[in-house]
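This is a predicted model, so every value here is computed, not measured. Just so it is clear: chains get the letters A, B, ... in the order the sequence lines come, proteins before strands, and each one is counted from 1. Both backbone and side-chain heavy atoms feed into the values below; hydrogens, waters and symmetry mates do not.
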Number of protein chains: 2
Amino acid sequence: MLESLRQFKAGIFQALGHPTRVAVVEFLSHGEMSVGVLCEKIGVEQANISQHLAILRNKHIVETRRDGNQIFYRLRDPLLGEVLEKMREYFFAHLGEVMEMMQEEKKGAKKSEQKARR
Amino acid sequence: MLESLRQFKAGIFQALGHPTRVAVVEFLSHGEMSVGVLCEKIGVEQANISQHLAILRNKHIVETRRDGNQIFYRLRDPLLGEVLEKMREYFFAHLGEVMEMMQEEKKGAKKSEQKARR
DNA sequence: ATCGTATATTCGATTATGCGAATGTACACG
DNA sequence: CGTGTACATTCGCATAATCGAATATACGAT
């Protein structure tokens with residue numbers, strides 16, 4: 001019971017646990033958008049974003065509407081937008097860590113380069 | 001820049017994207033708790049919960065305090081509690097899906113059994 | 001010092017995720 | 001009909017997450 005509920009919650013969080021999917025939800029919180037535009041704005045391969053959209057669809061986080069040849073996505077529940085808004089507060093309260101992370105990122109990149117060189 | 005921010009956000013969500021860690025955060029939102037008690041309440045192996053706690057620590061979601069032989073965990077920022085609260089609203093708005101998920105779970109269990117039998 | 005308890009870390013095996021390439025499907029237009 | 005465009009799905013591989021078992025560390029008590 002309680003376990004199922006937690007699994008459900010974790011599922012939602014996990015669905016949001018990828019930069020591309022965060023980007024999607026952020027864009028959609030301002031209104032619906034076609035796959036093509038999302039693709040272009042976020043800057044990933046079409047097949048890839050489709051995969052991410054499929055994940056969000058499976059969790060019922062987004063809904064779709066077909067218009068002729070293209071498909072428009074929107075958030076199903078504005079509440080999720082509010083959650084993201086709360087999260088935004090959280091992020092601003094901890095911007096320092098974002099900076100740290102960016103540093104780590106650079107280091108990580110160097111390591112990857114080193115690995116790649118071998 | 002923006003990409004880093006999204007990665008940070010995704011990191012937080014991903015950290016919350018596991019039932020055990022959701023349980024931890026929920027318990028801690030009511031106050032600090034020792035590892036042993038968490039372990040017992042949630043019902044997982046000690047080593048396992050330590051691993052999950054390590055993940056939450058790395059994301060600075062929780063902080064610790066040592067008292068003699070044991071270590072008490074607490075949420076670092078009550079804002080996260082609020083985020084969880086918003087999420088709770090969301091979950092109650094979509095309880096139907098939790099039910100569905102529980103059904104799927106049963107089906108999944110059957111499938112696993114079948115697999116295991118082969 | 002040494003023993004017991006509480007917690008953390010490492011290791012190895014299993015499973016899940018993420019990606020691009022290729023392929024499939026649905027619709028519009030002629 | 002066929003062709004083009006928009007989007008989705010499948011596949012194969014690489015990387016990452018998860019788990020329990022074993023091991024390590026930190027502290028209190030004797």
Any protein N or O atoms within reach of nucleotides 12-16 of chain D? Criterion: under 3.5 Å, listing atom names and distances.
none

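Listed by residue number, B:S34, B:V35 are the residues of residues 23-35 of chain B with a heavy-atom contact under 4.0 Å to DNA chain C. Contacts between residues 64-72 of chain A and DNA chain C, counted as heavy-atom distances below 4.0 Å, involve A:R66, A:G68, A:N69. If you check residues 36-48 of chain A against DNA chain C, the residues with a heavy atom closer than 4.0 Å are A:E45, A:A47, A:N48, listed by number.
Axis angle, first five pairs versus last five pairs of the helix from C:dA1-D:dT30 to C:dG30-D:dC1: 20°, rounded to 10°.
With rounding to whole Å, B:Q51 atom CD is found 15 Å from D:dA22 atom P. Rounded to whole angstrom, the span from the CG atom of A:L56 across to the C1' atom of D:dC7 amounts to 15 Å. Atom-to-atom, CD1 of A:I55 to P of C:dC19 comes out at 9 Å; the value is rounded to the nearest Å. One interatomic measurement links the two molecules: CG of B:N58 to C1' of C:dA8, which rounds to 12 Å at whole-angstrom precision.
Residues A:V83 and A:L16 have side chains not in contact (no heavy-atom distance under 4.5 Å, counting atoms from C-beta outward).
For B:E32, the side-chain contact (heavy atoms from CB on, under 4.5 Å) partners are B:R65, B:F72, B:R74, not counting sequence neighbours. Listed by chain and number, the residues in a side-chain contact (heavy atoms from CB on, under 4.5 Å) with A:E85 are A:R88 (sequence neighbours excluded). Judged as a ring pair (Phe, Tyr, Trp, His ring centres under 6.0 Å), and not counting sequence neighbours, the contacts of A:F91 are B:F8. Here B:T64 pairs with B:R57, B:I71, B:Y73 under the side-chain contact (heavy atoms from CB on, under 4.5 Å) rule; sequence neighbours left out. Qualifying side-chain contact (heavy atoms from CB on, under 4.5 Å) partners for B:N58, counting only residues two or more places apart in sequence or in other chains: none. Not counting sequence neighbours, the partners of A:K86 by the salt bridge (charged side-chain N to carboxylate O under 4.0 Å, His left out) test are A:E89, B:E82.
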Q | Intermediate values then yes/no, side chain to side chain contact (heavy atoms under 4.5 Å, CB included), A:L75 and A:S29 | A | CA-CA 7 Å; A:L75 286 191; A:S29 73; 4.0 Å; yes
**Q.** Verdict with supporting geometry, A:R76 and A:I61, side chain to side chain contact (heavy atoms under 4.5 Å, CB included)
**A.** CA-CA 6 Å; A:R76 193 183 54 149; A:I61 291 173; over 6 Å; no
(Q) Under the criterion side chain to side chain contact (heavy atoms under 4.5 Å, CB included), I'd like the reasoning laid out for A:M87 against B:L80: C-alpha separation, chi angles, the key distance, then a yes or no. (A) CA-CA 8 Å; A:M87 269 296 192; B:L80 252 194; 4.2 Å; yes
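Contact detail for B:E26 and A:R6: the closest heavy-atom pair is OE1-NE, 3.2 Å. Closest of all the heavy-atom pairs between A:P19 and B:A10 is N-CB, 3.4 Å.
No continuous path of ILVMFWY side-chain contacts below 4.5 Å connects A:I55 to A:L28, so the two sit in separate hydrophobic clusters. Placement of A:V22 and B:Y90 within a single hydrophobic cluster is found when ILVMFWY residues are connected by side-chain heavy-atom separations under 4.5 Å, directly or transitively.
For A:A54, the listed nucleotide lying nearest its side chain is D:dT9; candidates were C:dG18, D:dT9, D:dT18.
Each side-chain hydrogen bond (donor to acceptor under 3.5 Å, both in side chains) pair with one or both residues in residues 12-25 of chain B, not counting sequence neighbours, appears once here: B:R21-B:H52.
Proximity of A:H52 to the phosphate of C:dC19: a side-chain N or O atom is located under 4.0 Å from OP1 or OP2. Here A:R21 does not reach the OP1 or OP2 of C:dT17: none of its side-chain N or O atoms lies under 4.0 Å away. In this model, the phosphate group of D:dA8 is approached by a side-chain N or O of A:Y73 to a distance below 4.0 Å at OP1 or OP2.
Judged by distance alone, the side chains of B:D67 and B:Q70 never bring a donor and an acceptor atom under 3.5 Å apart.
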